[in-house]
Amino acid sequence: MKLLIKQRVFSWTDTYDVYDENQMPKYFVKSDFFSIGHRIRVFDRNQCEVGMIQEKVISFLPKFEVYINGRMVGTIEKKFTLFNPQYRINYKGWSVQGSFIGWNYRVVDGFNQIIHIIKEPFHWGDTYVLYFTNPADEIEGLLLTIAIDAANCSKNKQM
């Protein structure tokens, strides 16, 4: 199973459209305009909020709380590294490994790859493809991808 995430270029906030493998709209992602740090919400096709990430602004490196259906399920935190981007995830026993170029991530549970996240080049706006082993992981994988994108955006603003 896969999801395609396309960032809307002409928007005042971080806004994404998410499509299923048949290119049918599945989710809509929108950042709150007036918030301290990133607060990004995920809505289903019926405009019901299914998830949210909230950046913790008092931290050295980007850190996000992850909420699914209004309940906090864990955190995602960027680790300090010189080359390969790494993230600490404290839910589901997952870990993330990134490539040197920055947008080729493997999400693993122990030794098993469960999600592969790729940034597609040569698009107007950021475009990501998520490949899932288990469709039940799609909300968590979508929130993780959005958090990584926001962490990379936060890193670029700090420099």
Side-chain angles (χ1 to χ4, degrees), residues 1-7 14 16-29 31 37-44 49-57 59-123 125-159:
M1 186 201 126
K2 77 176 185 177
L3 290 178
L4 177 68
I5 304 172
K6 291 185 174 185
Q7 184 177 29
D14 292 332
Y16 306 84
D17 294 303
V18 182
Y19 302 92
D20 66 15
E21 52 202 10
N22 298 317
Q23 302 225 357
M24 298 298 296
K26 187 153 189 179
Y27 299 104
F28 175 71
V29 180
S31 177
H38 289 93
R39 181 182 303 141
I40 304 172
R41 301 174 189 274
V42 177
F43 301 92
D44 66 13
E49 184 176 312
V50 296
M52 179 185 77
I53 61 168
Q54 172 66 54
E55 184 174 12
K56 302 304 290 178
V57 293
S59 65
F60 178 66
L61 293 170
K63 181 177 184 178
F64 299 89
E65 291 178 340
V66 179
Y67 295 83
I68 296 177
N69 295 321
R71 186 176 64 87
M72 190 172 119
V73 296
T75 60
I76 299 168
E77 182 177 6
K78 186 172 175 88
K79 294 180 183 179
F80 178 77
T81 59
L82 296 177
F83 297 108
N84 291 337
Q86 294 181 4
Y87 299 86
R88 182 176 297 117
I89 305 172
N90 80 346
Y91 66 90
K92 297 195 80 159
W94 291 359
S95 61
V96 177
Q97 303 161 352
S99 72
F100 180 78
I101 58 173
W103 263 108
N104 187 0
Y105 293 99
R106 293 179 57 237
V107 181
V108 295
D109 186 0
F111 294 107
N112 300 320
Q113 178 174 307
I114 52 175
I115 306 170
H116 189 192
I117 305 168
I118 301 169
K119 182 175 184 178
E120 289 192 337
F122 312 116
H123 286 275
D126 291 337
T127 301
Y128 308 101
V129 181
L130 286 66
Y131 296 94
F132 294 90
T133 304
N134 183 352
D137 295 325
E138 77 177 17
I139 294 292
E140 289 93 341
L142 175 59
L143 290 166
L144 172 64
T145 304
I146 299 299
I148 291 172
D149 185 57
N152 289 340
C153 177
S154 293
K155 176 192 74 170
N156 292 339
K157 284 182 182 176
Q158 291 171 356
M159 294 183 165

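Among residues two or more places apart in sequence or in another chain, the side-chain hydrogen bond (donor to acceptor under 3.5 Å, both in side chains) test is passed with K92 by D137.
Applying the side chain to side chain donor-acceptor pair (under 3.5 Å) test between Q54 and each of E65, R39, K63 identifies R39 as the sole match.
Here the side chains of L143 and I68 are in contact, with some heavy-atom distance below 4.5 Å. Side-chain contact between V29 and I5: absent, with no pair of heavy atoms (C-beta onward) separated by less than 4.5 Å. Between D149 and Y16, some side-chain heavy-atom pair lies under the 4.5 Å cut-off.
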Query raised in the report: When you look at Y91 and I76, which way does the side-chain contact (heavy atoms from CB on, under 4.5 Å) test go after all the steps?
Result: CA-CA 9 Å; Y91 66 90; I76 299 168; 4.1 Å; yes
Query raised in the report: Are Y105 and T145 close enough, and set up right, to give a side-chain contact (heavy atoms from CB on, under 4.5 Å), and what steps lead you there?
Result: CA-CA 9 Å; Y105 293 99; T145 304; over 6 Å; no
Requested in this report: I would like to know whether I146 and F64 meet side-chain contact (heavy atoms from CB on, under 4.5 Å); could you show each step before the answer?
Outcome: CA-CA 10 Å; I146 299 299; F64 299 89; over 6 Å; no
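Judged purely by atom type and a 3.5 angstrom limit, T133 uses its side chain to pair as donor or acceptor with the backbone of Q113. Panel note: side chain D17, backbone K6; no donor-acceptor pair is recorded below 3.5 Å.
Looking at K2 and E21, no side-chain N of the basic residue comes within less than 4.0 Å of a carboxylate O on the acidic one, giving no salt bridge.
No more than 12 heavy atoms of other residues, nucleotides or ligands sit less than 6.0 Å from atom NZ of K56.
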